[in-house]
Amino acid sequence: MKSLHRAWIVAAVALVAIIGAAGFRATPGVMITPLEDEFGWTRGTISLAVSVNLMLYGLCAPFAAALMDRFGMRRVVACALLLVAVGSGLTVYMTASWQLVALWGVLVGLGTGSMALVFAATLTDRWFVRHRGLVTGVLTAGGATGQLVFLPVLAHLAETQGWRWASVTVAAAALAVVPLVWFLIRDTPEEIGLTALGATEPVVRTPARGAAARAVRVLRDAARTRRFWYLAVGFAICGASTNGLVGTHFIPAAHDHGMPETTAASLLAVIGVFDIAGTVFSGWLSDRVDSRILLVVYYALRGLSLLILPRLFAATAEPSMLVFIVFYGLDWVATVPPTVALCRKIFGADGSVVFGWVFASHQVGAAVVATVAGVTRDHLGNYNLAWYGAGALCLLAAVMSSRIVTRVRDRREAGILVG
């Protein structure tokens, strides 16, 4: 009987780590109303803290990819989980909105951003040649699904025990994963005398020096091409329409229409369940189908669904809303595997760092829309404008994805930006 390749063990531990860190990503949606009630903070104020978190979550990504090259995945991820645990645990003592920004926004943003999706991209690049797209899909699904599956538990704790118990639970979950990461993850297969799954020979890697300088250099080079901007702006719209809007504001929006928060949280958890199938299938497809085509389909269908969403809200979970939830779950982060594949194909050895910057744009989009949607609700009394605007942006992302060139024959085709 053929023994299990160590790559699968490393990937399994990484999946647990990503899920463990995802818990805090689930808290904003279930804590907006409790924080409003206890402290009297507006949704715009609370959304600002969420936006700082999302922004740092994204901006850390390219530097985290370079740091993983320099110091190794194990050290970076273990430190990231510790930051999440500390930031989440300290929220139980906060009494002012600036503390919310410092803890939710800065500490947890730095911790989750030091893992983010670049962890999955770096791990699959080092440990897998065969099944790379599939494993990328599984790890990506773990992050989004972990975030969403935590929701019913956190919503129940916030409702029955208070929001502080939800924060402590997340801190404990992140802390519990640290030993697994430290003792079971290895930075490269060559470190323990193996080769990547599907590889025919070992790869000699030299630790990179000047992680920050490399991240900036890669951005400078990539930003000279039109292809990078199509990927980055498209992924910014992806973040705006998922983490920024639905992930942050779906629960309070549903509550505005009379739906109990625990019911709305359970609906988001269903998105997480179907996200597993959608993202894993997308990873499988990215090994076989042109990634540009996949992105066009995903963005177009997501845009159309958001244009319909405002008509589906009600005090109970109607069948039409359940259909939306299932569809949105299948499409939630299905964009990640083809985006990773395009970065790797277009930018080669710098693909993971480029994806870090593309992912940074994802979180910038999420951060902007998280605040804009909250302010929109404060001023207009509903979220309708936010839903319609996000739907239109997704259709724009589909158009941009169709224009990405993967094979370059000359400077004009590559879209080199001169001057």
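The model shown is predicted, which means the values in this text are computed figures rather than measured ones.
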Which atom names give the shortest non-hydrogen contact between [X] and [Y], and what distance separates them?
X	Y	result
N243	T248	O-OG1, 2.8 Å
M94	L35	CE-CD2, 3.9 Å
N53	G109	ND2-N, 3.5 Å
V106	L56	CA-CD1, 3.5 Å
A334	S282	O-OG, 2.6 Å
V178	L82	CG2-CD2, 4.1 Å

More than 12 foreign heavy atoms under 6.0 Å from [atom1] of [X]: is that the case here?
X	atom1	answer
W98	CH2	no
R75	CZ	no
W165	CH2	no

Should [X] and [Y] count as side-chain neighbours, where that means a heavy-atom distance under 4.5 Å?
X	Y	value
R344	R132	yes
W8	L197	yes
F347	F228	yes
V77	F119	yes
C343	L231	yes
M73	R126	yes
L295	M400	no
Y383	T376	no

Are a donor atom and an acceptor atom from the side chains of [X] and [Y] found within less than 3.5 Å of each other?
X	Y	value
T263	E261	no
S167	S88	no
R403	Y230	yes

So, [X] side chain and [Y] main chain: donor-acceptor pair closer than 3.5 Å or not?
X	Y	result
T45	W41	no
W127	R186	yes
R74	D187	no
S402	V399	yes
H156	T262	no
S241	I237	yes
Q99	A96	yes
H255	M259	yes

Hey, what do you get for [atom1] ([X]) to [atom2] ([Y]), rounding to the nearest 0.5 Å?
X	Y	atom1	atom2	answer
F128	L123	CZ	CG	6.5 Å
S114	M68	OG	CE	7.5 Å
L385	Y388	CG	OH	10.0 Å
L342	I404	CG	CD1	5.5 Å
T339	R292	OG1	CZ	13.0 Å
R302	L330	CZ	CG	11.5 Å

Suppose we call two aromatic rings close when their centres sit under 6.0 Å apart. Are [X] and [Y] close by that rule?
X	Y	result
F313	F250	yes
F235	W357	no
H362	F359	yes

Go through the steps to decide whether V86 and L90 satisfy the test side chain to side chain contact (heavy atoms under 4.5 Å, CB included), and finish with yes or no. CA-CA 6 Å; V86 171; L90 289 178; 3.8 Å; yes

Run Y328 and L306 through side chain to side chain contact (heavy atoms under 4.5 Å, CB included) and show every step you take. CA-CA 9 Å; Y328 216 76; L306 285 171; 3.6 Å; yes

Would you call the rings of F281 and W284 parallel, tilted or perpendicular, where under 30° means parallel and over 60° means perpendicular? parallel

Please assess R311 against E318 for the test salt bridge (charged side-chain N to carboxylate O under 4.0 Å, His left out), listing each intermediate value before the final yes or no. CA-CA 11 Å; R311 305 178 186 179; E318 300 295 331; over 6 Å; no

Given W104 and T91, is the side chain to side chain contact (heavy atoms under 4.5 Å, CB included) satisfied, shown in steps? CA-CA 8 Å; W104 260 22; T91 58; 3.7 Å; yes

